[in-house]
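Notes follow once the structure below has been shown.
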Number of protein chains: 2
Amino acid sequence: MSRRDGPAGPTVFIVDDDPDLRAALAGLFRSVDLATTAYASAAEFLNTKRSDGPGCLVLDVRMPGLSGLDFQAQLAGLGIHLPVILMTGHGDIPMSVRAMKAGAVDFLTKPFRDQDMLDAVMTALARDAERRSRDAGLLAVRTAYETLTAREREVFVHVTAGLMNKQIAGLLDLSEITVKIHRGHVMRKMAARSLADLVRMAQALGIVPG
Amino acid sequence: MSRRDGPAGPTVFIVDDDPDLRAALAGLFRSVDLATTAYASAAEFLNTKRSDGPGCLVLDVRMPGLSGLDFQAQLAGLGIHLPVILMTGHGDIPMSVRAMKAGAVDFLTKPFRDQDMLDAVMTALARDAERRSRDAGLLAVRTAYETLTAREREVFVHVTAGLMNKQIAGLLDLSEITVKIHRGHVMRKMAARSLADLVRMAQALGIVPG
DNA sequence: AACGGAATTATACGGAGGTTTCATCCGGGT
DNA sequence: ACCCGGATGAAACCTCCGTATAATTCCGTT
């Protein structure tokens, strides 16, 4: 029921209190060469050390302790951004709408067809992969940004706003040469090979002149 | 049941074959000063001349002719990007999930509370307003981009990729001075006041060097 | 007290950006 | 035949960017 999820591929995390369903799902995912790890409750999932590798969550709505919906609502706050697929045997429309509004990939009613679950998981894994590639690019930029001093960040903002060194000097009450120095430091620390690069980094960081 | 939707505010378009519900909804929205226009079917909505102003759609799922779900699926293809709220008296979970996956703002089961509908409409109108402001900014950029000649567009791509005029000249087999000329034309035609501006425009246009 | 990092500024130089003026060439349309 | 827009490019000129060198000040750590 559990397999190593090395660099080979993503892991499907199953959280359901029904051992039979856990086994069935694990078998289903194994049939398409997906690694799986199963848990009987949300608490068990949270208390277990996991790699933070790629994957997705398959949650039962009705479980002892935290329900699948409540669990889903808490995931973002816990820093877990795995895409979620919900399953239920006794759901209703408001419940499914709430889950989808909260960003669930799918909301399946039991019994569901194997293919429907596989489709949902594939969609979830694709969504996770996309988020990870976005985050990976952003992490390097954020890390570099952290190394900037306060002054350098001010200059960074104005440079990427398109202001000339002279104008920035006026705004910050500095000499133009000082702005040039800071600007050079920003380019070096951010590993930007051109102003265009730096502007895109600012965009990714959500930095706006206003 | 119908009110002018001048520059005052957005319009809620109601599509439902039940006259009583149409009237009730119109009354509800009027109570919060929202303009409404009601239709008995999807076909009637499509055949009627409407302003393309801000608003949202409130659709019944079960209607004679095109169902609310099918109608929703066709809207994007018809160039109609109004946010959709669906209502149904006899829906099921797969139906609601399909609607939400297709981007519906909400999926309400009849009977619903007035406040739930109003909340959904407010969310929908906010989403529409946001999309419109994004589109408005993009339209100007797209229009300006249309005026560029083929050569200017090539230079545009490489400039926003961060290449120096000298490098661009090499790639396009031109003299550096000619690149400068084209570059100047690009800046003027795109109304970019700085290279940073131009880079952001390229981002918005989805222009990538690769 | 000594050291190092951050911030500041000046001078100087070379490279890159940007514009103007002038001029040539080509294809399309009047 | 003529004109015009697009593309090309040379010369000249100015501004802006970037960096190296050197120096000063302040602040926090050792």
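Residue numbers begin at 1 in each chain, while the letters A, B, ... track the order of the sequences.
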Nearest-0.5 Å distance that lies between atom CG in B/Leu125 and atom CE in B/Met122: 6.5 Å
Which value, rounded to the nearest 0.5 Å, describes the distance between B/Leu82 atom CG and B/Leu59 atom CG? 9.5 Å
I'd like to know if the side chain of B/Gln203 reaches the main chain of A/Arg200, judged simply by a donor and an acceptor atom lying under 3.5 Å from each other, with no hydrogens or angles considered. no
From CG of B/Asp173 over to C1' of D/dA7, roughly how many Å is that when rounded to an integer? 13 Å
State whether the side chain of B/Gln167 and the backbone N or O of B/Met164 hold a donor-acceptor pair below 3.5 Å, judged by distance alone. yes
Tell me which residues in residues 151-168 of chain A lie within less than 4.0 Å of DNA chain D, going by non-hydrogen atoms. A/Met164, A/Asn165, A/Lys166
The answer to which of A/Lys180 and A/His185 contacts DNA chain C further toward the 5' end, by nearest nucleotide, is A/His185
Compare side-chain N and O positions of B/Thr149 against OP1 and OP2 of D/dA7 and report whether any pair is under 4.0 Å apart. yes
Side chain of B/Ser175, heavy atoms from C-beta onward: which of D/dG9, C/dG18, D/dT8 has the nearest atom to it? D/dG9
Testing A/Glu176, A/Arg183, A/Lys180 for side-chain hydrogen bond (donor to acceptor under 3.5 Å, both in side chains) with A/Asn165, which one passes? A/Arg183
Would one find a side-chain N or O of B/Thr178 under 4.0 angstrom from OP1 or OP2 of D/dG9? yes
Does anything in residues 186-204 of chain A come within less than 4.0 Å of DNA chain D? Heavy atoms only, and list the residues if so. none
Check: B/Asp16 main-chain N/O paired with B/Arg22 side-chain donor or acceptor under 3.5 Å: yes
For B/Glu176 and B/Thr147, find the nucleotide of DNA chain D closest to each by heavy atoms; which residue's nucleotide sits nearer the 5' end? B/Thr147
Is a donor on one side and an acceptor on the other found under 3.5 Å between the side chain of A/Arg193 and the backbone of B/Leu163? no
Which listed nucleotide (D/dT8, C/dA7, C/dA10) is nearest to the side chain of A/Ile177? C/dA10
Under the 3.5 angstrom rule, does the side chain of B/Asp128 hit a backbone N or O of B/Cys56 as a donor-acceptor pair? no
